[in-house]
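Remarks on the structure that follows.
The sequence lines fix the lettering, A, B, ..., with proteins before strands; numbering per chain opens at 1.
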Protein chains: 2
Amino acid sequence: MTPNKENFIKAIYELGGDHSVISNKKLVNNLSISAASVTEMNARLLKEKLISHVPYRGVKLTSSGIRIAHQLKRKHRIWEVFLFEKLGYDWNEVHADADLLEHVSSDLLIERLNDFLDEPKFDPHGGVIPNKDGSLPETSTFPLTDVGTGKPFKIKEVDDDKEFLNYLLEKDIQLGDRYTLTDVEPFDGPITLETPEGRQITIGHKAAFKILVDYVTE
Amino acid sequence: MTPNKENFIKAIYELGGDHSVISNKKLVNNLSISAASVTEMNARLLKEKLISHVPYRGVKLTSSGIRIAHQLKRKHRIWEVFLFEKLGYDWNEVHADADLLEHVSSDLLIERLNDFLDEPKFDPHGGVIPNKDGSLPETSTFPLTDVGTGKPFKIKEVDDDKEFLNYLLEKDIQLGDRYTLTDVEPFDGPITLETPEGRQITIGHKAAFKILVDYVTE
DNA sequence: ATATATTTTTAGGATATCCTAAAAACGTTC
DNA sequence: GAACGTTTTTAGGATATCCTAAAAATATAT
Ligand SMILES: [Mn+2]
Ligand SMILES: [Mn+2]
Ligand SMILES: [Mn+2]
Ligand SMILES: [Mn+2]
């Protein structure tokens with residue numbers, strides 16, 4: 001396994017390759033490499049049985065592939081917690097360094113780090129940290145676009161993208177914030193939230209889809 | 001710069017390449033790669049002006065090369081402090097992980113880590129941590145083989161080699177220990193130390209050379 | 001259904017890193 | 001200083017990763 005292959009598997013996973021077939025095109029855009037390089041890497045991962053491949057259609061992770069993706073995500077997210085909590089990184093700064101550290105982290109290192117951080121369950125964006133064995137803890141979040149009007153909900157996880165995180169900072173939307181939905185415009189139109197104090201925030205459909213929430217259960 | 005090149009420069013440095021010409025043979029042994037690969041890497045580093053090269057003689061670091069070696073050592077040693085102090089690694093466990101982490105450490109990461117660790121001056125083996133600008137703090141240590149009989153001295157630094165560290169553990173020799181020299185056999189023979197409590201320890205000349213000390217000044 | 005546009009694959013190269021085996025240079029020993 | 005042993009370099013390959021350009025397959029639109 002090389003950093004390259006690991007990043008490729010992670011990209012497939014993040015595009016939904018654990019449950020559906022991902023086109024080369026999507027990987028080309030996501031990884032910013034040539035189409036030829038994607039075809040080539042596909043062949044390599046196929047030989048190692050980490051993906052299945054339907055020619056001219058795309059690739060899907062095998063169970064081994066999914067396990068590797070989860071283990072890599074575990075490393076990535078534990079590092080993010082460390083950078084955020086111990087080294088004082090900002091929300092939107094942690095990703096880049098974690099993306100490098102994840103590939104040079106021995107099992108010993110990750111488990112010691114996990115202990116040192118008191119076994120965190122979520123990364124700084126609310127992403128759940130996979131278990132040591134490569135399984136995923138249960139979560140009950142859903143996209144903000146699926147919220148019903150009236151019921152109060154909490155922000156549980158947001159997309160780990162630097163620009164998007166900056167946008168949320170502008171809008172003053174934070175993990176754990178509590179809102180109710182007051183308006184949804186049709187045809188994937190803007191969504192308006194209201195804080196308990198009555199402040200209103202309007203965001204687009206695409207942005208809302210990058211925010212995962214859960215209903216408040218009291 | 002790649003991890004490979006960085007390790008090569010570090011190897012040259014550790015063999016004394018900051019002040020003398022290092023033969024290919026030494027690098028072959030140290031890095032466990034073929035002689036052909038050393039010749040090849042020499043050519044690459046020469047082109048980047050990180051080393052000077054005397055054909056059939058060997059290589060020496062330029063000032064740029066030395067600066068890179070020091071900055072890498074800084075990263076390596078700061079990571080070692082972290083692994084040792086915060087993650088509970090043993091003395092002889094820190095090196096392997098630090099050797100990987102050093103190549104994926106942004107300046108931001110290292111400086112934040114340095115702050116988090118309260119700006120340590122030495123790594124867990126007593127190695128001095130180079131300054132941010134690539135310069136070396138002054139130290140006044142010398143090999144145990146050069147100690148005079150009678151004068152008390154302290155263990156300041158030991159060779160960062162797993163087997164050697166295990167040997168020191170067996171002999172119960174630790175950083176900061178205070179001894180006096182009671183016997184030195186001629187022809188690079190064994191050296192005998194005595195603790196303040198009168199316990200005697202005898203070690204060979206080669207091992208003694210891997211231990212740096214300084215006289216106690218009270 | 002055919003033309004057009006898009007996507008994927010193949011073909012042919014480039015670079016970094018590694019290797020083994022042979023040739024050349026150097027050092028040592030009598 | 002010739003012979004032998006050691007070290008370095010050169011020659012020729014291998015693999016991983018990347019690329020561009022052309023060819024093949026698939027999807028879309030009329
Ligand atoms: Mn991230
Ligand atoms: Mn990565
Ligand atoms: Mn070390
Ligand atoms: Mn290293």
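Salt bridge B:Arg44/B:Glu48: absent, no basic N to carboxylate O contact under 4.0 Å.
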>> Could you go through B:His70 and B:Tyr13, starting from their C-alpha distance and side-chain angles, then the distance that decides it, and tell me whether this counts as ring-ring contact (aromatic ring centres under 6.0 Å, His included)?
In response: CA-CA 9 Å; B:His70 284 167; B:Tyr13 180 79; 5.1 Å; yes
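By the neighbour-count criterion of 12 heavy atoms within 6.0 Å, atom CZ of A:Phe164 is densely surrounded, having more than that number from other residues, nucleotides or ligands.
Evaluation of the salt bridge (charged side-chain N to carboxylate O under 4.0 Å, His left out) test over residues 91-116 of chain A, restricted to residues two or more places apart or in two chains, returns A:Lys10-A:Asp99, A:Lys10-A:Glu102, A:Arg74-A:Glu111.
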>> Can you build the contact string for nucleotides 7-22 of chain C? Use B for base contact, S for sugar-phosphate-only contact, and - for no protein heavy atom under 4.0 Å.
In response: SBBBB-----BBBB--
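Using a 3.5 Å distance cut-off with no hydrogens or angles, the side chains of B:Asn7 and B:His103 do pair a donor with an acceptor.
Classification of the B:Phe116-A:Phe82 ring pair by plane angle, with boundaries at 30° and 60°, yields perpendicular.
In the region residues 6-19 of chain A, proximity to DNA chain D at under 4.0 angstrom, judged on heavy atoms, holds for none of the residues.
Annotation: side chain of B:Leu100 is not in contact with side chain of A:Leu109 (no heavy-atom distance under 4.5 Å).
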